Amino acid sequence: MSPYDQLVELSREVQLVGDVGALLSWDQEVLLPKNGVEYRARQMAWFSGWSHDRFTAPEVGDWIAEAESHDVDDSEIVRANLREWRHEYDRARSLPRKLVEDFAQAQVHAQSAWAEAREKSDFAIFAPFLERLIELCREQAELWGYEDEVYDALVDKFERGTSTAKL
């Protein structure tokens, strides 16, 4: 199998795990009992950590480099895939698994706290969870790097090439 084909297969595998995570998130919002939140947080951390490890494995970087250097198919789709894989791989490699897992757990706890805070109309319930998410986002931004503003590193995930100044 060519390096490009290996990347396609890996992407499918990681997406499958991501889809399971999305289903677990949906379940948390509609069915999960309050006592299940801690276990769900551990599940989401595991899935996130597994996906992170799988996508940041050294051979993945080798596959990307080899596919980039051997233009087997110079189609627009192949070039776009390689560009996206390179960008995501480089960013993901700068994050330790523990941070990825901590962020996934924090999201689960924050979602649960937000639902309770909304129901009770009490922001104080959610505030410490929001603070934790912000702290973890700042850790990510520091590891990704930025020129002017911390948010520049974070906005890249949603609007590549933009900056706080442009916004």
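Keep in mind it's a predicted model, so treat the numbers as computed, not measured.
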Revision key, fill the gap. OG of S2 to CD of E9, rounded to nearest 0.5 Å, is 11.5 Å
Exercise for review: Nearest 0.5 Å please: distance from the CD atom of Q107 over to the CZ atom of F129.
Suggested key: 13.5 Å
Exercise for review: For residues F55 and Y89, determine if any side-chain heavy atom of one lies less than 4.5 Å from a side-chain heavy atom of the other.
Suggested key: yes
Practice item. Might you work through the side-chain contact (heavy atoms from CB on, under 4.5 Å) test for D156 and Y146, ending with a clear yes or no? Key: CA-CA 10 Å; D156 183 77; Y146 55 90; over 6 Å; no
Check your understanding: How long is the gap from CD on Q28 to CG on L23, to the nearest 0.5 Å?
Key -> 12.0 Å
Exercise for review: In sequence, state the C-alpha distance, the side-chain angles, and the governing distance for W85 and Y4, and then conclude on ring-ring contact (aromatic ring centres under 6.0 Å, His included).
Suggested key: CA-CA 10 Å; W85 285 324; Y4 182 83; 5.3 Å; yes
Point to revise | C137 side, atom SG; K157 side, atom NZ - distance, nearest 0.5 Å | key: 8.5 Å
Check your understanding: Do the side chains of V37 and F126 join up, straight or via other hydrophobic residues, at under 4.5 Å, putting them in one cluster?
Key -> no
Study note, to complete from the structure: H52 and A92 have their tightest heavy-atom pair at CE1-O, 2.8 Å
Check your understanding: Any chance CD of E59 has more than 12 other-residue heavy atoms, nucleotides or ligands included, within less than 6.0 Å?
Key -> yes
Check your understanding: So do the side chains of L7 and V60 get within less than 4.5 Å of each other, counting heavy atoms only?
Key -> yes
Study note, to complete from the structure: Residue set satisfying side chain to side chain contact (heavy atoms under 4.5 Å, CB included) with F47, at least two apart, ordered chain then number -> V17, V20, L24
Review point. Any side-chain heavy atom of S25 within less than 4.5 Å of one from M44?
Key: yes
Exercise for review: Give a yes or no answer on whether the side chain of S69 reaches the backbone of E66 with a donor-acceptor pair at less than 3.5 Å.
Suggested key: yes
Check your understanding: Other than L167, what residues sit in its cluster of Ile, Leu, Val, Met, Phe, Trp and Tyr side chains whose heavy atoms are under 4.5 Å apart, directly or through others?
Key -> L95, L99, V100, F103, L133, L136, L143, W144, Y151, L154, V155
Point to revise | Distance-minimising heavy-atom pair for R132 and A106 | key: CG-CB, 4.1 Å
Practice item. Would you check if D27 and R40 make a side-chain contact, meaning some heavy-atom pair closer than 4.5 Å? Key: yes
Exercise for review: Kindly indicate whether the side chain of K166, heavy atoms from C-beta on, has any atom under 4.5 Å from the side chain of S163.
Suggested key: yes
Review point. Do L82 and V8 belong together in a cluster built from hydrophobic side chains that touch within less than 4.5 Å?
Key: yes
Practice item. Indicate the atoms forming the closest heavy-atom contact of P3 with A67, along with that distance. Key: CB-N, 4.3 Å
Check your understanding: Can you tell me how far OG of S121 sits from CD of E116, rounded to the nearest 0.5 angstrom?
Key -> 12.5 Å
Exercise for review: Could you label the plane-to-plane angle of the W46 and W50 rings as parallel, tilted or perpendicular, counting under 30° as parallel and over 60° as perpendicular?
Suggested key: parallel
Check your understanding: Taking all atoms of both residues into account, what is the closest heavy-atom pair of S48 and A104, and its distance?
Key -> OG-CB, 3.3 Å
Check your understanding: Do D90 and R93 touch side chain to side chain, with heavy atoms closer than 4.5 Å?
Key -> no
**Study point:** Side chain proximity check, W114 to I125, heavy atoms < 4.5 angstrom
**Key:** no
Check your understanding: Does the side-chain contact (heavy atoms from CB on, under 4.5 Å) test come out yes or no for R79 and E76, once each step is laid out?
Key -> CA-CA 5 Å; R79 286 192 315 270; E76 189 175 321; 3.9 Å; yes
Point to revise | Residue pair R42 / V108, side-chain heavy-atom distance below 4.5 Å | key: no
Check your understanding: Using 4.0 Å as the upper bound for N to carboxylate O, is an ion pair formed by E88 and R91?
Key -> no
Point to revise | Sidechain-backbone polar pair: H87 side chain, R83 backbone, donor-acceptor under 3.5 Å | key: no
Review point. Say you draw a straight line from CD of Q43 to CD of Q105; how long is it, rounded to the nearest 0.5 Å?
Key: 11.0 Å
Practice item. Might you confirm whether atom CZ of R138 has over 12 heavy atoms from other residues, nucleotides or ligands at distances under 6.0 Å? Key: no
Point to revise | Atom OH of Y39 with >12 non-hydrogen neighbours under 6.0 angstrom | key: no
